[in-house]
Engineer: 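Once you've had a glance at the structure underneath, I'll fire off some questions.
Each chain gets a letter, A, B and so on, in the order the sequences are listed, and its residues count up from 1.
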Amino acid sequence: MSMPFMVYPSDLYLTRYIKQQVTTFVLAINNFSTNYDLTVTIDDIDRIQKEYPEVTLFVIINKNIFNDELQALEDLLERLEERNIGGIFFYDLALLSIHQRRGFQTPLVWYQTHMVTNHRSCNFYFQEGVKYGVLSSEITVDEIVSIVRNTRMRLIVPILGYPVVAHSNRKLLTNFYHMQNKKETSSQLEIVEPVSKGVYEVKEDASGTTFYKGRLLNGTNALCLLKDEDVSYFYLNFWQVPNDQQVQILALYQTLLQEDLTEEERDALIKKSEEILKSDDTGFFFQKTIYKVKKHG
Amino acid sequence: MDRIELLSPAGDFERLKITLLYGADAVYIGGQEFGLRANATNFSLSEIKEACTFAHALQKKVYLTVNMIFHEEDFAHITSYLQDVVEAGIDAFIVSDIWLVSYLHTHYPKVEIHISTQSSSMNIETVQFYQKLGAKRVVLAREVSLKDIRKMTSLGVDIECFIHGAMCTFVSGRCVLSNDITNRDSNRGGCSQVCRFAFDHETSSKFTMATKDLNMSHHIKALIEAGVKSLKVEGRMRSPYYLATVIGTYRKLIDAVYNHTLDDTLIQYADRVLSRVANRETSTHYYFHEADWTDQYYTGRQELSNQDYLGYVVGYEDGYMMVSERNYFTPETEVEVFMPSGKVVSFVIHEIYDEEMHLLDAARHPEQILKIKVNEEIEIHSMMRIKPKEGNHE
């Protein structure tokens with residue numbers, strides 16, 4: 001039986017995931033995705049589907065689109081429509097607009113990163129024909145439960161990975177190195193916010209600059225609480241996660257999902273996940289954000 | 001042909017009044033809930049009503065921001081709130097969460113829907129998608145070039161663009177650094193402006209990414225010719241003096257375009273005035289090329305302030321202007337008074353009196369009412385500042 005996981009792999013050798021009953025993968029499309037290191041072309045998709053006929057592929061098209069990219073986007077969607085794709089993750093509404101106008105049938109996945117935070121908007125997109133939504137990493141488990149219970153949209157919950165915390169169209173590393181007069185540059189830089197001591201990986205590519213949280217999100221506890229809710233997939237982003245950790249955590253999740261565990265056993269598994277992933281960061285699963293810092297009179 | 005709209009921020013009723021008097025055609029304000037400036041003063045329901053009454057009496061408009069990205073808990077009072085603000089008389093909602101676009105179009109079809117820049121609309125398809133949902137206007141993302149703007153102004157939906165003020169480093173809606181570092185939710189109005197922090201990295205220098213401000217004062221004619229419907233100034237938390245200066249200056253530039261009187265002298269004057277009120281350097285960012293290293297700061301916070309603003313005019317009687325003091329000044333200071341009508345009067349202060357006509361050697365108490373002799377009648381709500389160097393323009 002396949003596990004309800006959707007994996008963004010660290011490389012295209014998918015056999016090791018398939019061995020662990022993972023058969024759903026997310027791949028970022030070259031030139032139309034952002035925040036993803038490993039990207040693929042249509043030819044790569046064809047090759048993967050031929051090599052691994054048992055897998056379901058979802059593709060990510062999550063960059064903001066400018067006018068001069070619209071035709072290429074439409075062409076890309078047309079080519080994807082000719083293939084058996086599980087779904088297309090989209091950020092820019094241009095994709096939804098084209099998809100509707102052309103009457104394409106490939107399922108869509110609402111993937112506006114930080115904006116998928118309530119059931120009403122999920123319901124709106126569901127009515128517009130969008131089948132799936134990837135929930136924001138900035139909401140709590142309680143909020144996730146509320147959304148899941150109030151929408152017919154099929155939901156995907158990210159539980160593992162280095163969360164994206166910001167994206168700019170600016171070339172922030174290029175600019176930084178330019179001002180430093182540095183000849184040797186890198187497309188990746190680690191920075192630390194001095195007060196909170198928060199560590200961030202800054203990465204630049206053709207679409208701009210992305211900031212990733214430096215600590216791995218470990219949503220094992222959330223997985224325990226959500227496994228009996230109507231979540232379609234739990235999303236695991238294995239970028240920069242060592243292969244041995246990937247294998248161990250998938251095995252642990254298999255145990256966690258298949259067995260009726262006592263509270264002690266569950267806690268032990270959570271503890272073990274922290275050892276495997278070297279992270280106990282639960283993100284916002286149990287921490288509500290605030291937005292008013294003073295009372296109005 | 002409709003003239004282009006000059007749209008100003010207003011963080012409270014005083015700012016709203018000032019900015020409308022100084023030439024804004026419309027203001028955007030936040031209520032005390034559901035906007036993206038949760039920590040500005042904002043408007044209570046009765047103040048929204050008062051704001052609408054004041055603006056409508058001047059044939060001007062009030063747009064209300066309801067542009068947060070909602071969480072489940074935020075739905076509790078939203079329905080009654082929307083009903084209340086519609087009854088208060090607002091002319092448009094500025095929104096970004098998609099469910100609200102749909103809801104407002106169904107329930108309040110007579111109130112305009114403006115899509116917030118938070119939605120980062122950058123292309124024709126997206127604009128048309130919102131149009132299909134009932135949006136009257138789309139505020140384009142700040143990453144859109146003038147060339148691309150031109151392609152989106154004839155789609156049958158009004159296009160609004162930012163022309164002045166602070167810029168986000170990141171794509172609007174695509175930044176939660178504030179959430180992560182300060183637990184303040186940037187997409188619900190709690191942004192703590194982490195992009196203006198300085199970060200450590202392996203070498204001794206700091207990694208910074210703060211942007212310079214936007215200033216499109218040289219390109220108003222191009223924006224009008226591009227078919228843009230509304231020019232937006234950023235800054236709901238800015239001071240009344242800032243708003244009066246910036247809005248008054250853009251008012252002059254816009255009017256000069258339509259009156260065919262725009263010339264280099266006025267543009268240079270606008271430059272001088274705007275540069276004195278700015279607390280950061282400025283650039284045109286994405287309008288003409290991909291933003292680059294010239295659009296940022298690299299050494300931490302680079303915010304300057306000055307004491308140019310000397311006083312707020314509260315009356316004029318018997319040849320004396322009555323001024324509420326804002327910054328220290330002395331006799332022999334060369335000043336100019338700029339008025340809501342756009343008129344500017346320059347002179348050297350010879351004598352400063354208090355309200356009882358006692359002669360003072362200096363104005364040194366904020367909000368003290370002072371009397372200064374001026375031969376020309378000065379409008380109430382005018383502002384007095386140190387005269388910008390290199391000439392004047394009336």
Engineer: Just distance, no hydrogens or angles: give the donor-acceptor pairs under 3.5 Å from side chains in residues 151-163 of chain A, sequence neighbours left out.
Structural biologist:
unit_1: A:T151; atom_1: OG1; unit_2: A:N123; atom_2: OD1; d: 2.6
unit_1: A:T151; atom_1: OG1; unit_2: A:M153; atom_2: N; d: 3.0
unit_1: A:R154; atom_1: NE; unit_2: A:S232; atom_2: OG; d: 3.1

Engineer: Is A:K288 close to chain B through its backbone or its side chain, or both, or neither, when contacts mean heavy atoms under 4.5 Å?
Structural biologist: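 Its backbone and side chain both get close to chain B.
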Engineer: Using heavy-atom distances under 4.5 Å, tell me whether B:S44 contacts chain A through its side chain, its backbone, both, or neither.
Structural biologist: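 Contact with chain A: none, neither part.
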Engineer: Under the 3.5 angstrom rule, does the side chain of A:T117 hit a backbone N or O of B:F70 as a donor-acceptor pair?
Structural biologist: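 At least one qualifying donor-acceptor pair exists.
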Engineer: Within the structure provided, determine whether A:N62 and B:R174 are in side-chain contact (heavy-atom separation under 4.5 Å).
Structural biologist: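 With C-beta onward as the side chain, the pair touches.
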Engineer: Check the pair A:L173, B:F207 against side chain to side chain contact (heavy atoms under 4.5 Å, CB included), reporting the backbone distance first and the verdict last.
Structural biologist: CA-CA 9 Å; A:L173 289 184; B:F207 178 84; 4.0 Å; yes
Engineer: Report the distance from atom OG of A:S168 to atom CE of B:M209, rounding to the nearest 0.5 Å.
Structural biologist: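 These two atoms lie 9.5 Å from each other.
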Engineer: Quick check for you: among B:T169, B:D97, B:N187, which has the greatest number of heavy-atom pairs under 4.5 Å with chain A?
Structural biologist: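 Option with the top pair count is B:T169.
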Engineer: Table please: side-chain donor-acceptor pairs of residues 74-84 of chain B below 3.5 Å, with sequence neighbours left out.
Structural biologist:
unit_1: B:D74; atom_1: OD1; unit_2: A:Y291; atom_2: OH; d: 3.0
unit_1: B:D74; atom_1: OD1; unit_2: B:R188; atom_2: NH1; d: 3.3
unit_1: B:D74; atom_1: OD2; unit_2: B:H71; atom_2: N; d: 2.8
unit_1: B:D74; atom_1: OD2; unit_2: B:R188; atom_2: NH1; d: 3.0
unit_1: B:S80; atom_1: OG; unit_2: B:H77; atom_2: O; d: 3.2
unit_1: B:Q83; atom_1: OE1; unit_2: B:Y108; atom_2: OH; d: 2.7
unit_1: B:Q83; atom_1: NE2; unit_2: B:E87; atom_2: OE2; d: 2.6

Engineer: Need one label for A:L70: side chain, backbone, both or neither, based on atoms under 4.5 Å from any heavy atom in chain B.
Structural biologist: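 Side chain of A:L70 only, per the 4.5 Å heavy-atom cut-off to chain B.
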Engineer: Using non-hydrogen atoms and a 4.5 Å limit, figure out which bit of A:F211 sits close to chain B: side chain, backbone, both or neither.
Structural biologist: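 A:F211 touches chain B through side-chain heavy atoms alone.
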Engineer: Name the region of A:D281, side chain, backbone, both or neither, that has any atom closer than 4.5 Å to a heavy atom of chain B.
Structural biologist: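 Neither part; nothing is under 4.5 Å.
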Engineer: Are more than 12 heavy atoms, taken from residues, nucleotides or ligands other than A:D230, located less than 6.0 Å from that residue's CG atom?
Structural biologist: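 Count not over threshold, so no.
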Engineer: Tell me whether the centres of the aromatic rings in A:F124 and B:Y103 are closer together than 6.0 Å.
Structural biologist: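 Ring-ring flag for A:F124/B:Y103: false, centres at least 6.0 Å apart.
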Engineer: If you count heavy-atom pairs under 4.5 Å with chain A, which of B:D180, B:V194, B:L177 comes out on top?
Structural biologist: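 With the most close heavy-atom pairs to chain A, the winner is B:D180.
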Engineer: Where along residues 117-125 of chain B does a heavy atom come under 4.5 Å of chain A, listed by residue number?
Structural biologist: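 The stretch touches chain A at B:Q118, B:S120, B:M122, B:N123, B:I124, B:E125.
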Engineer: Which residue in the set A:L96, A:L95, A:D92 passes side-chain contact (heavy atoms from CB on, under 4.5 Å) when paired with B:F129?
Structural biologist: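 By the side-chain contact (heavy atoms from CB on, under 4.5 Å) criterion, B:F129 pairs with just one of A:L96, A:L95, A:D92: A:L96.
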Engineer: Measuring heavy-atom distances to chain A, does B:K147 have an atom under 4.5 Å in its side chain, in its backbone, in both, or in neither?
Structural biologist: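 Contact with chain A is absent: no heavy atom of B:K147 under 4.5 Å.
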Engineer: Tell me, side chain or backbone of B:I149 under 4.5 Å from chain A's heavy atoms, or both, or neither?
Structural biologist: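 It is neither, since no heavy atom gets under 4.5 Å.
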Engineer: Taking every heavy-atom pair that is under 4.5 Å apart, which of A:Q100, A:M115, A:H167, A:E190 has the most such pairs with chain B?
Structural biologist: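 That would be A:H167.
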Engineer: Under 4.5 Å heavy-atom distance to chain A, tell me which part of B:C195 shows up: side chain, backbone, both or neither.
Structural biologist: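 Neither part.
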Engineer: Side chain, backbone, both or neither: which part of A:H178 has an atom under 4.5 Å from a heavy atom of chain B?
Structural biologist: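 Looking at A:H178, just its side chain touches chain B.
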Engineer: Taking B:D148, B:T182, B:T211 one by one, which has the highest count of heavy-atom pairs under 4.5 Å against chain A?
Structural biologist: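 So the answer, after comparing B:D148, B:T182, B:T211, is B:D148.
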Engineer: Is any side-chain heavy atom of B:R184 closer than 4.5 Å to a side-chain heavy atom of A:T289?
Structural biologist: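 They are not in contact (no side-chain heavy atoms under 4.5 Å apart), so the answer is no.
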Engineer: Do you know which of A:K213, A:E138, A:H114 has the most heavy-atom pairs under 4.5 Å to chain B?
Structural biologist: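 So the answer, after comparing A:K213, A:E138, A:H114, is A:H114.
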Engineer: Does the side chain to side chain contact (heavy atoms under 4.5 Å, CB included) test come out yes or no for B:T208 and A:F176, once each step is laid out?
Structural biologist: CA-CA 8 Å; B:T208 61; A:F176 173 68; over 6 Å; no
Engineer: With a 4.5 Å cut-off on heavy-atom pairs, point out which of A:P194, A:G198, A:S136 contacts chain B the most.
Structural biologist: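 Ranked by heavy-atom pairs under 4.5 Å with chain B, first place is A:P194.
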Engineer: What part of A:L172 lies closer than 4.5 angstrom to a heavy atom of chain B: side chain, backbone, both or neither?
Structural biologist: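 Its backbone and side chain both get close to chain B.
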Engineer: What part of A:Q127 lies closer than 4.5 angstrom to a heavy atom of chain B: side chain, backbone, both or neither?
Structural biologist: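 No part of A:Q127 comes within 4.5 Å of chain B.
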Engineer: Could you tell me which portion of A:S196 (side chain, backbone, both or neither) has an atom closer than 4.5 angstrom to a non-hydrogen atom of chain B?
Structural biologist: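 Contact with chain B: side chain only.
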Engineer: Shorter than 4.5 Å, heavy atoms on both sides: which option in A:A166, A:S137, A:G208 has the most such pairs with chain B?
Structural biologist: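 It is A:A166.
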Engineer: Salt bridge or not between A:K171 and B:D292? Use side-chain N to carboxylate O under 4.0 Å.
Structural biologist: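 Salt bridge flag = no for B:D292 with A:K171.
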Engineer: Given a strict heavy-atom distance threshold of 4.5 Å, which part of A:T113 is in contact with chain B: side chain, backbone, both, or neither?
Structural biologist: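 Side chain only.
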Engineer: For B:S205 and A:Q180, does a side-chain donor sit closer than 3.5 Å to a side-chain acceptor?
Structural biologist: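 Indeed, the side chains of B:S205 and A:Q180 share at least one donor-acceptor pair under 3.5 Å.
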Engineer: Under the rule for ring-ring contact (aromatic ring centres under 6.0 Å, His included), what residues qualify as partners of A:Y91, not counting sequence neighbours?
Structural biologist: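 None.
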Engineer: Go through the side-chain N and O atoms of B:E143 and A:N64 and say whether any donor and acceptor fall under 3.5 Å apart.
Structural biologist: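 The criterion, which ignores hydrogens and geometry beyond distance, is not satisfied for A:N64 and B:E143.
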Engineer: With A:R170, which of B:H285, B:E290, B:Q296 fulfils side-chain hydrogen bond (donor to acceptor under 3.5 Å, both in side chains)?
Structural biologist: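 Output: one option passes, namely B:H285.
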Engineer: Do you know which of B:I181, B:V144, B:I98, B:N179 has the most heavy-atom pairs with chain A at a distance under 4.5 angstrom?
Structural biologist: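 Ranked by heavy-atom pairs under 4.5 Å with chain A, first place is B:I98.
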Engineer: Any side-chain heavy-atom pair from B:F199 and A:V202 closer than 4.5 angstrom?
Structural biologist: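 No, their side chains stay 4.5 Å or more apart.
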Engineer: For the candidates A:I65, A:N150, A:V195, which exhibits the highest count of non-hydrogen atom pairs separated by less than 4.5 Å from chain B?
Structural biologist: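 With the most close heavy-atom pairs to chain B, the winner is A:I65.
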Engineer: In this structure, is the centre-to-centre distance between the rings of B:H201 and A:Y200 below 6.0 Å?
Structural biologist: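 Distance test on ring centres: not under 6.0 Å, no.
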Engineer: Within a reach of under 6.0 Å around NZ of B:K49, are more than 12 heavy atoms found that belong to other residues, nucleotides or ligands?
Structural biologist: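 No.
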Engineer: Determine whether B:Y286 and A:N169 make a side-chain contact, defined as any pair of heavy atoms from C-beta on separated by less than 4.5 Å.
Structural biologist: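 They are in contact (side-chain heavy atoms under 4.5 Å apart), so the answer is yes.
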Engineer: Between B:I69, B:T294, B:D200, which shows the greatest number of heavy-atom pairs under 4.5 Å with chain A?
Structural biologist: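 Going by pairs under 4.5 Å, I would pick B:D200.
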Engineer: Of all of B:V127, B:N183, B:V171, B:D185, which one pairs up most often with chain A through heavy atoms under 4.5 Å apart?
Structural biologist: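 With the most close heavy-atom pairs to chain A, the winner is B:N183.
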Engineer: Mind ranking A:T210, A:V164, A:I139, A:I147 by heavy-atom pairs under 4.5 Å with chain B and telling me who comes out on top?
Structural biologist: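 Sorted descending by pairs with chain B, the first entry is A:I147.
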Engineer: In Å and rounded to the nearest 0.5 Å, what is the OG1 to CZ distance from A:T209 to B:F170?
Structural biologist: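 That separation rounds to 8.0 Å.
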